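Only one structure is covered here, and it is reproduced in the block below.
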There are 2 protein chains.
Amino acid sequence: MDVKTLCLGLLSIREACGYDLKKTFESSFKHFFPAGYGSIYPALADLAEAELVNCREIPQVGKPDRKVYRITEAGELAFLKALNRTEPQHKLRSEFLATIYFADRIDDTRLADLLDARVEKLRESIEDISACIDDESPGASFVAGFGAVVAEAAARYIESHRHMLVGTDNQEKDIHIKVVTG
Amino acid sequence: MDVKTLCLGLLSIREACGYDLKKTFESSFKHFFPAGYGSIYPALADLAEAELVNCREIPQVGKPDRKVYRITEAGELAFLKALNRTEPQHKLRSEFLATIYFADRIDDTRLADLLDARVEKLRESIEDISACIDDESPGASFVAGFGAVVAEAAARYIESHRHMLVGTDNQEKDIHIKVVTG
DNA sequence: TTAGGCATGTAAAGTGTTACATGATTTG
DNA sequence: CAAATCATGTAACACTTTACATGCCTAA
C-alpha cells in the first residue's frame, strides 16, 4: 500500500482536497505512515487520471482554486481490492537504533542526549496519538491505541535500560549487563 | 544514516565481504534496518572509491573472488563523524496499520488472518532477536532488548484488543469500545 | 537430485524527500 | 509586524527494491 492507495482510502471516507489530506496524514497517520505534499499531490493527480476519483474545482479569492476530490465507484472497488491484496508490510527504519548499536563509540554526553531526545519524542507522540484514540472508526481507535502502547513500551525500555549504555560512574560502561527481555 | 554508513560501521568492527555484511544485516539489523544486496554492494563500491575502505581480492575456486573490505583511518574518522551528526530518525511505515485503519471495510475472516499473521511475525522476530541479546557489545544488546520489548508490547496489544475489530459475535463490531491506553 | 549456501554484481523501476515557487488572509 | 494558515504544484535528488545474470559445492 502506497500513499496513493491511502489517499484513495481517505477519500472513500469523505471528499477532500490535497491540503485536507495532508492534515489527516498529520493527525492520524504521522506516526506510522508519514506523507508530505510531494507525495500527496502527485498521488491525487494519478488517481484522477485513472478516474478513481473526480475533481471539482472551487474558485477562491487570493488562493489557488480548491480542488476537491471525490471517489468514484471504480475507486471504491479498487480500494477494496487493495485492502485484500497480499500481506501488508510493517517496516521500521531506525537510524536511532543503528546509532545506539555503536554506543561504545559515542561519548556519554552525546549518548545521553540521544536517549533523552528519543524519549521526549516518544512522549510527544503519545500525546498526539492519545488525542485521536476516540476517533471515528474502530480501526482508527485500534491503530491509535497500538501506537500509544508501543511508544510507551519503547520509552519505558529506554528509561529502564539506559544504565547499560551510559553510567554516572563511567566504569559501568564496561560491565556487561545481562539484559532480561521482560 | 544510510546503508553506506552502516556498512562502514560494521567494517569498523571487523573486515568482511558483501556477503558477510548481508548476513550481519539479517541477523542483527533486520528488524530495524533491513538492507539487501542491491544496497550493500553499491555501498561497498562507493566506500572503496572514497577510500574509506580498502579491498583485498581473495581468489576462489568455483565462486567469484571474495572481496574483503577493511576500513581505513579516513573511514574510521568519517564513521565517528557520522555518528555525531544530527538527530537520527526513527521511521515506521506500516501498511499493516494503514490497512487496519480501514477495518470496517474488511471482512472478519480476512481481518482475523491479518491480525494472526502479524502476531505470528512478531513472535518470530522476538525469537530471532532474543538470540542476539547477549551479543558482542552493550549497544547491540540494548538494541536487541529494545526490539524484543517493543515487539512483545505490539503482540500483546493486538491479542488483547482484537475484540475491538473482530467479534465471534458479529454485533460487537458496531459497539464503540472505549480504548484505554494502559 | 535437489535445495541451500557461497559469492559477485547491474539495471531499471518505483517511491519518497526536499527544496523551490507564489501569495493573500488571519491571528497574536 | 511577524508568523501561521490556506492552497497549489514541480523538479531534482536520493535511495531502495526487484529482477536479472552466473555457477560451483555440499549436504540431505
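Scope of the values below: all heavy atoms of this structure, side chains included, with no hydrogens, waters or symmetry mates. Since the model is a prediction, treat every value here as computed from it, not as a measurement.
Per the geometry, CD1 belonging to B:Ile40 stands 14 Å off P belonging to C:dA7, to the nearest Å. To the nearest angstrom, P of C:dA11 lies 16 Å from OH of B:Tyr41. In this structure, B:Lys22 atom NZ and C:dG5 atom P are separated by 11 Å, rounded to whole Å. In this structure, CG of A:Leu21 is placed 15 Å from C1' of D:dC6, rounded to the nearest angstrom. Note: OH (B:Tyr19) to P (D:dC24) measures 17 Å, nearest angstrom. In this structure, CZ of A:Arg56 is placed 13 Å from P of D:dT8, rounded to the nearest angstrom. Spacing between atom NZ of B:Lys30 and atom P of D:dT17 amounts to 14 Å, rounded to whole angstrom units. Here D:dC15 presents its P atom at 13 Å from CG of B:Leu6, a figure rounded to the nearest Å.
With D:dT8, D:dC6, C:dA7 as the choices, the nucleotide that has an atom nearest any side-chain atom of A:Lys67 turns out to be D:dT8. The side chain of B:Tyr69 lies closest to C:dG9 when the candidates are C:dA7, D:dA7, C:dG9.
For A:Asp128, the side-chain contact (heavy atoms from CB on, under 4.5 Å) test picks out A:Lys30, with sequence neighbours left out. Evaluation of the side-chain contact (heavy atoms from CB on, under 4.5 Å) rule for B:Glu159 yields B:Val119, B:Arg123 as partners, not counting sequence neighbours. Evaluation of the side-chain contact (heavy atoms from CB on, under 4.5 Å) rule for B:Arg93 yields A:Val3, A:Phe33 as partners, not counting sequence neighbours. Among residues two or more places apart in sequence or in another chain, the ring-ring contact (aromatic ring centres under 6.0 Å, His included) test is passed with B:Phe146 by A:Tyr157. Every residue two or more places apart in sequence or in another chain that forms a ring-ring contact (aromatic ring centres under 6.0 Å, His included) with A:Tyr41 is listed here: A:Tyr37. With sequence neighbours left out, B:Glu127 forms a side-chain contact (heavy atoms from CB on, under 4.5 Å) with no residue at all.
The closest side-chain heavy-atom distance from A:Leu6 to A:Phe25 is below 4.5 Å.
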Quick one, give me the B/S/- string for nucleotides 15-28 of chain C, reading 5' to 3', where B means a protein heavy atom under 4.0 Å from the base and S means that only happens at the primed atoms, P, OP1 or OP2. SSBB----BS----
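Between its opening and closing five pairs, the helix from C:dT1-D:dA28 to C:dG28-D:dC1 changes axis direction by 60°, a value rounded to 10 degrees.
Using bins of under 30°, 30° to 60° and over 60° for the plane-to-plane angle, the ring pair A:Tyr101/B:Phe29 lands in the tilted bin.
Put simply, B:Gln60 has no side-chain N or O that comes within less than 4.0 Å of OP1 or OP2 on C:dC6.
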For residues 78-85 of chain B, which side-chain donor-acceptor pairs fall under 3.5 Å, sequence neighbours excluded?
residue: B:Asn84; atom: ND2; partner: B:Leu80; partner atom: O; Å: 3.1

